[in-house]
Amino acid sequence: MRYRLTPNGNFAKHLRRLMRSINDDIALSLLRACRDPETGVHEARKGCKEIRAVLRLVKPHMDKADFSDNQSFYKEVSGKLSGNRDALVRTKTWNNLLAETLCLEGKPADTVASFLSAQAQLDPLAEKGSDFFVDLALEVDSNSKSPKDWSLPKSLSDLVPNLKKNLSGSP
């Protein structure tokens, strides 16, 4: 993660600022997608993963329903962007593989290339139009409420048990 939380100062305040910052980055990335869909969508999805990771870290300090609502919201935002981006990435990866591996030329490779191209063309990100990205950015921005009612941890040490649990893979 690109953020660093320090035990000095008001830890809950720093955590709130971090959450708002990530949320703002997601909204800005979606606006960037109007101009550069591939990069904007990649950055927005990455931001959704970051904020979901922070939410998992502070889960014991949140209301169960609030945690679930926030996790679902960011998962849904990421999901709205995933299918088309994945199709474009698969096509780009296949084309790079073809360029580097001469033995893949021929009819079987052409079949795969045409299938992947057709998948990418079903609903490419560029055709979604600016309105799609602007509307989604506004939706994300409206979710930027400050988590004031959350019982956020007062210190970094309060997160250690949950951090260990998350790293060990326990439910």
Side-chain angles (χ1 to χ4, degrees), residues 1-5 12-59 61-100 109-150 152 159 162-163 166:
M1 219 182 237
R2 60 187 156 154
Y3 304 98
R4 186 170 161 189
L5 295 171
K13 181 180 173 181
H14 294 298
L15 201 51
R16 280 188 201 92
R17 187 179 304 136
L18 169 64
M19 304 269 300
R20 280 192 306 265
S21 173
I22 296 171
N23 196 75
D24 290 348
D25 285 350
I26 295 168
L28 287 173
S29 295
L30 288 166
L31 292 177
R32 181 179 184 187
C34 294
R35 186 175 26 93
D36 179 8
E38 189 174 348
T39 303
V41 167
H42 172 72
E43 292 300 318
R45 290 182 72 214
K46 193 165 71 171
C48 287
K49 289 178 186 178
E50 285 181 75
I51 204 161
R52 290 180 68 218
V54 172
L55 287 167
R56 283 191 303 274
L57 190 60
V58 298
K59 180 181 179 179
H61 306 277
M62 293 178 65
D63 175 63
K64 212 178 239 187
D66 201 18
F67 171 80
S68 294
D69 290 347
N70 277 281
Q71 280 286 346
S72 296
F73 175 78
Y74 290 104
K75 191 173 186 175
E76 182 181 320
V77 169
S78 186
K80 287 178 181 179
L81 301 166
S82 67
N84 303 118
R85 183 182 179 280
D86 292 348
L88 292 171
V89 168
R90 280 191 296 268
T91 302
K92 187 183 261 187
T93 302
W94 176 255
N95 290 337
N96 289 340
L97 186 61
L98 282 178
E100 294 174 9
D110 292 342
T111 304
V112 172
S114 63
F115 171 77
L116 290 175
S117 292
Q119 291 295 306
Q121 304 269 330
L122 289 176
D123 190 14
L125 290 171
E127 290 183 12
K128 284 190 180 282
S130 297
D131 289 346
F132 171 77
F133 296 115
V134 171
D135 289 346
L136 198 52
L138 290 171
E139 188 178 337
V140 167
D141 186 59
S142 71
N143 200 56
S144 186
K145 64 182 184 293
S146 178
K148 291 177 185 170
D149 54 334
W150 296 356
L152 293 175
L159 298 178
N162 196 36
L163 183 60
N166 286 339

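The chain is numbered in sequence order, starting from 1.
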Do Ser21 side-chain atoms and Arg17 backbone N/O form a donor-acceptor pair below 3.5 Å? no
Would you indicate whether the side-chain heavy atoms of Leu81 and Phe133 approach each other to under 4.5 Å? yes
Identify, with sequence neighbours excluded, every residue that meets side chain to side chain donor-acceptor pair (under 3.5 Å) alongside Arg32. none
Between the side chains of Glu139 and Lys80, is the shortest nitrogen-to-carboxylate-oxygen separation below 4.0 Å, so that they form an ion pair? yes
Between Phe73 and Val140, the two heavy atoms sitting closest are CZ-CA, 3.8 Å
Mind checking the CD1-CG spacing from Ile26 to Leu31? Nearest 0.5 Å is all I need. 12.5 Å
Check whether Ser68 reaches the backbone of Lys64 with its side chain - one donor and one acceptor, N or O, closer than 3.5 Å. yes
Rounded distance [0.5 Å steps], CD1 in Ile51 versus OG in Ser78: 12.5 Å
Under 3.5 Å donor-acceptor, Gln71 side chain and Leu55 backbone: no
Find the distance between CG (Leu136) and CG (Asp141) and round it off to the nearest 0.5 Å. 11.5 Å
With the side chain counted from C-beta on, respond yes when Arg56 and Phe67 share a heavy-atom pair under 4.5 Å apart, and no when they do not. yes
Can you tell me how far CZ of Arg45 sits from OG of Ser29, rounded to the nearest 0.5 angstrom? 12.5 Å
Side chain to side chain donor-acceptor pair (under 3.5 Å) against Thr39, all qualifying residues, sequence neighbours excluded: Asp36
On a heavy-atom basis, which atom in Cys48 and which in Val77 lie closest, and how many Å separate them? SG-CG1, 3.8 Å
Are side-chain heavy atoms of Leu30 and Leu138 found at a separation under 4.5 Å? no
Looking at Asn70 and Asp66, would you say the former's side chain and the latter's main chain have a donor-acceptor pair under 3.5 Å? yes
